[in-house]
Amino acid sequence: MGVPRLVACYDGERLCGVAIAGQPVARKLDDGLTVEIRRVCTDGTKNACSILYGACARVARDMGYKK
C-alpha cells in the first residue's frame, strides 16, 4: 500500500464519506506490515465513519497487512 488508497461510503447513490489509508508517516512504524488511516471525512451520516474504518481494515488485511 505504498500509494495512499481511497475508500468511499455511499448511502444509496449519494456519497456520504471517504477515507484515505497509506503507509505510516513515522519511520519506526513503517515495517511493511502496518497501515495508517490518514483522513476520514463524512457528511454526518450515521455510522459512516465506522463503516469506513471497517472497510479500510478489511482491505488492508486482504492485502497482507497485520496492523
Side-chain angles (χ1 to χ4, degrees):
M1 198 177 253
V3 177
R5 305 291 185 196
L6 179 70
V7 176
C9 178
Y10 287 88
D11 183 13
E13 292 186 13
R14 182 179 59 86
L15 177 66
C16 61
V18 294
I20 299 173
Q23 290 175 299
V25 175
R27 289 182 186 154
K28 289 191 176 191
L29 295 177
D30 191 6
D31 57 6
L33 300 174
T34 304
V35 66
E36 181 176 85
I37 298 175
R38 303 230 183 115
R39 299 277 189 271
V40 175
C41 179
T42 72
D43 64 358
T45 300
K46 188 174 181 176
N47 297 324
C49 193
S50 296
I51 291 168
L52 289 166
Y53 271 95
C56 286
R58 280 189 302 278
V59 169
R61 186 176 49 244
D62 290 346
M63 292 178 73
Y65 289 90
K66 303 297 180 196
K67 298 190 260 179

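Quick note: residue numbers are just sequence positions, from 1.
- Remark: Arg27 pairs with no residue by the side-chain contact (heavy atoms from CB on, under 4.5 Å) rule, at least two apart or across chains.
- Not counting sequence neighbours, Ser50 has no partner by the side chain to side chain donor-acceptor pair (under 3.5 Å) test.
- Annotation for Tyr53 and Val40: closest pair CE1-CG2, 3.6 Å, computed over non-hydrogen atoms.
- Going from atom CG of Leu6 over to atom SG of Cys56 covers 8.5 Å, rounded to the nearest 0.5 Å.
- Among residues two or more places apart in sequence or in another chain, the side chain to side chain donor-acceptor pair (under 3.5 Å) test is passed with Asp43 by Arg14, Thr45.
- Distance check: Tyr65 OH to Glu36 CD gives 11.5 Å after rounding to the nearest 0.5 Å.
- Rounding to the nearest 0.5 angstrom, the gap separating the CD1 atom in Ile51 from the OG1 atom in Thr42 is 10.5 Å.
- Counting heavy atoms from C-beta outward, Met63 and Val35 have side chains that stay 4.5 Å or more apart.
- The same ILVMFWY cluster, assembled from side-chain heavy atoms under 4.5 Å apart, contains both Tyr10 and Ile20.
- Residue Ile37 is grouped with residue Val7 when hydrophobic side chains (ILVMFWY) are merged at heavy-atom distances under 4.5 angstrom, including chains of intermediate members.
- Rounding to the nearest 0.5 Å places CG of Leu52 at 7.0 Å from SG of Cys16.
- Using a 4.5 Å heavy-atom cutoff, the side chains of Val25 and Arg38 are in contact.
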